[in-house]
Amino acid sequence: MTTLTDPPKESFRLSMLIYDTRYRSTTIQVIALIGFLILIGWLISNTAQNLQDLGKEPSFGFLLEPAGYDINQRLIEYDSRSPHLRAAFVGVLNTLLIAALGCALATVVGVLVGVLRLSKNWLVARIMTVYVEMFRNVPVLLWIVLFMAVLIETLPAPSAFRGDDPESTMKLFESVAFTNRGIYVPEPLFSRSLGDLHLFGSSAMNFDISLDLLAIIAVLAAGWWVARRIRVRADAIQEKTGDRPTTWYLRLGVVLVPLIILLVALGFHLGYPALKGFNFQGGTHMRNSLIALWLALSLYTAAFVAEIVRAGIMAISHGQTEAAAALGLRPRRIMGLVILPQALRVIIPPLISQYLNLTKNSSLAIAVGYMDITGTLMGITLNQTGRELETVLLGMLIYLSISLLISVVMNWYNNRVKLVER
Amino acid sequence: MSGTHAETVRYVRDTMLPEQHPPATEVGAVGWLRENLFSGWLNTALTILSLILIYFVLSIILPWLFSPTWNAGSLSECREILADMGREGHFAGACWGVIRDRWVQLLFGFYPDYLYWRPIAAFVLLFVALAPVLFAEYVPRKLIWFSAIYPFLMPWLLWGGSIWTPLMVIAGIAIGYAVYRALSATGGALLGFVVSVLAAVIWWLFLVGPVSGVLHSVIPVGIELVESRNFGGFMLSITIGVVAIAISLPLGIVLALGRRSDLLIVKGLCVGFIEFIRGVPLITLLFVASTLLNIFMPPGTNFDIILRVIIMATLFASAYMAEVIRGGLAALPKGQYEGADSLGLDYWQSQRLIIMPQALKISIPGIVSTFIGLFKDTTLVSIIGLLDPLGLSNAIRADADWNGIVWELYGFIALLFFIFCFGMSRYSMYLERKLQTGHR
């Protein structure tokens, strides 16, 4: 019987750090880490040195000082005595507003255009192709400033509405006024309002939420839930008996009837804009900057969404359509029950990145003076306080969080509709 | 068929009918119209609606386009010409005078007009330099040497100055190579590589300036220097776009490889960089370029604003490029990696010979669309005060002569961008078809 001898003990040599694959990866990583730390340290020391030369101590104390500028577009109470922090908060809310409005319109237009581009009608398909190519191949910033310039230059001034024989009149049953200062639309008012909910007390971030709005949302959500229960029950009956009870009026009713009752109870009415003095009073004033930004961003993004939708529908093999037709489904149900649910899985991931792009592109608001986070924190606050480092870094951080938030929410949704593979 | 109706069959044809022409409504123009435009009541309604829309748009645009205002010197002069023709209102007619007056400025900014040949030469030579890459089968292979020189030639043509600066920058590469050759024979390849890179970087950072200064004072050869603030118009957009994309492609490949690597720290750094850049808008990065980059650099450094913008645009594009290339790498079947390993190729050999050629081919549409996106995004530099076409358009619209101009000016700029971007997207489709080998 032979005895096993230990393999010769290999002594560690320095060159093994490079030539031995067991150690090489560690070596590379350590070198990369050291290089990165040196780079960071170099940048920080440069920054510290430069700031010292300029006599600026990096601090975020300026955020609590009074801002001293007005913001015309705001969702919450704000005046020029409010601190910079609140101005930034107003900016964040404006960014979120334009992102939400833009994503909604872009989705609607994009899906419509994408489906119409696949239309059998040659003329319609060509028109949609022209739309897509026109918007995709021209910079979004150009669209934004073009829309802004068109709104300002071509719409009539408020003074054109004055007099017995005015040059312009209000449109849509005397309710909407298109002027070069913006569009005035009726605003919802409640004569028996429930009041406001005050959040965060007296801190710089306090804001009010209308209880009327909350009540409406609650009623809508409850109605939607009941409507869903009815549909589930109808499904169960269909499974059991083969006949599907007609439920659409019931489902519509449980949503609409409580809503109408609530609106009547709250004393809902519309406040119409009216010309007083040099300008329109009353109603909701949608500023040119908001409209130009909204339309330009949505129509631009819609062109990309349309391509995604088209690609998604085309990715579903024709056999699916034929199989569904063989089962006796009508074309509309084929689209709704067979094609779209499958296409959605292809569509959603790139759609998420388009939503993210739209949100990031909303930072171009600064070109038309819409006061989003770029306009407030990284615009006027930066110029007034001279704190480039703090404001730009804070702004980047806010955008980063918004992007991450959107992608987390959308990925959660994507995971829900994803094909469950065996 | 069941036999229920068998007794109703009285007659069975036993000879073939002669072949007939298809009905006139099913073939030719009429058939095409019926099938594509009027196949049902919904389709017919859509067709009629579209026709009305097209008529409506054309009836506004065509008269507007054809208006004899080419020689007008101001907007009010345009309006007079149109009023003489009896045209009034917002869409009375285009005022083409502004384009005649300012098109040169929109193309070149404030570049000295007797030096226009330089940006034009740089632009034309760009295509010569790209030819070995774009149309490899139609041009001689020797041309690739010109492509290698072009990155040094272009800045010299655009900015001008002493010929010695680009020559000395090229000399840096030669020095690095010489050091590599000298050391790799004795001290090993890796050591040689590290030291040669260090030598080249030291040369570029500290020695290029003084040495080329001395050489220039001895043999002054050079062309007139043009300041960066004179750059503008499409020249600026194309410069930023081309330089940023050219540098971001190799950077993106490195980042993509880093993100897919097994080395945890390297991977973490790459993921952090990519996700950070992709999470913030380009405009914030341009703010960094215009306000912060000088703070991050050693005290006293003050480098050119266009250079700063190019740096940030490059970093921005490289993160998107990395994601596109990562997509291409992920789409390759695992067998390709295993095949390369089984041939005994090391990491870099397999990347260079097996993986990258295929991954890059798959990524072509993504790379081109990143380039188109970046080219469009160069308009953002107008926000930090550079005079790209949009920045110039603001200045033109503020001019007393042209105050109130909208469609003509933006239409012209949009058309130029459209031509570039549409052309590129069509080229990428052509390339995709050409490189299609039937399998992925």
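Naming: A, B, ... by sequence-line order, numbering from 1 per chain.
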So which residue, [options], ends up with the most heavy-atom pairs under 4.5 Å with chain A?
options: B:L46, B:V266, B:D377; answer: B:L46
options: B:A414, B:C421, B:P298; answer: B:P298
options: B:T291, B:I283, B:L53, B:V406; answer: B:V406
options: B:V280, B:N294, B:I295; answer: B:I295
options: B:I265, B:L37, B:T378, B:L282; answer: B:I265

Proximal component of [X], with respect to chain A [non-hydrogen, under 4.5 Å]:
X: B:I54; result: side chain
X: B:L263; result: both
X: B:F276; result: both
X: B:L285; result: both
X: B:L416; result: neither
X: B:S393; result: neither
X: B:L264; result: both

Using heavy-atom distances under 4.5 Å, tell me whether [X] contacts chain B through its side chain, its backbone, both, or neither.
X: A:R136; result: backbone
X: A:F135; result: neither
X: A:L146; result: both
X: A:L356; result: neither
X: A:V392; result: side chain

Just wondering, do [Y] and [X] contact through their side chains at under 4.5 Å, heavy atoms?
X: B:F296; Y: A:W42; answer: no
X: B:K376; Y: A:Y300; answer: yes
X: A:T374; Y: B:F287; answer: yes

Quick check: does any side chain N or O of [X] sit under 3.5 Å from a backbone N or O of [Y], one acting as donor and the other as acceptor?
X: A:K120; Y: B:N43; result: no
X: A:N50; Y: B:M297; result: yes
X: A:E388; Y: B:L292; result: no

*Distance-only side-chain donor-acceptor flag, A:S25 / B:D262, under 3.5 Å*: no
Please check if atom [atom1] in [X] has more than 12 non-hydrogen atoms from other residues, nucleotides or ligands closer than 6.0 Å.
X: B:E432; atom1: CD; result: yes
X: B:R34; atom1: CZ; result: no
X: B:R79; atom1: CZ; result: no

Here the pair of heavy atoms bringing A:A149 nearest to B:R397 is CB-NH2, 3.5 Å
In this structure, CG of B:L415 is separated from CG of A:N137 (nearest 0.5 Å) by 11.5 Å
Counting heavy-atom pairs under 4.5 angstrom with chain B, the leader among A:L141, A:V150, A:V30 is A:L141
Note: vs chain B, highest number of non-hydrogen pairs under 4.5 angstrom among A:D53, A:I366, A:V145 is A:V145
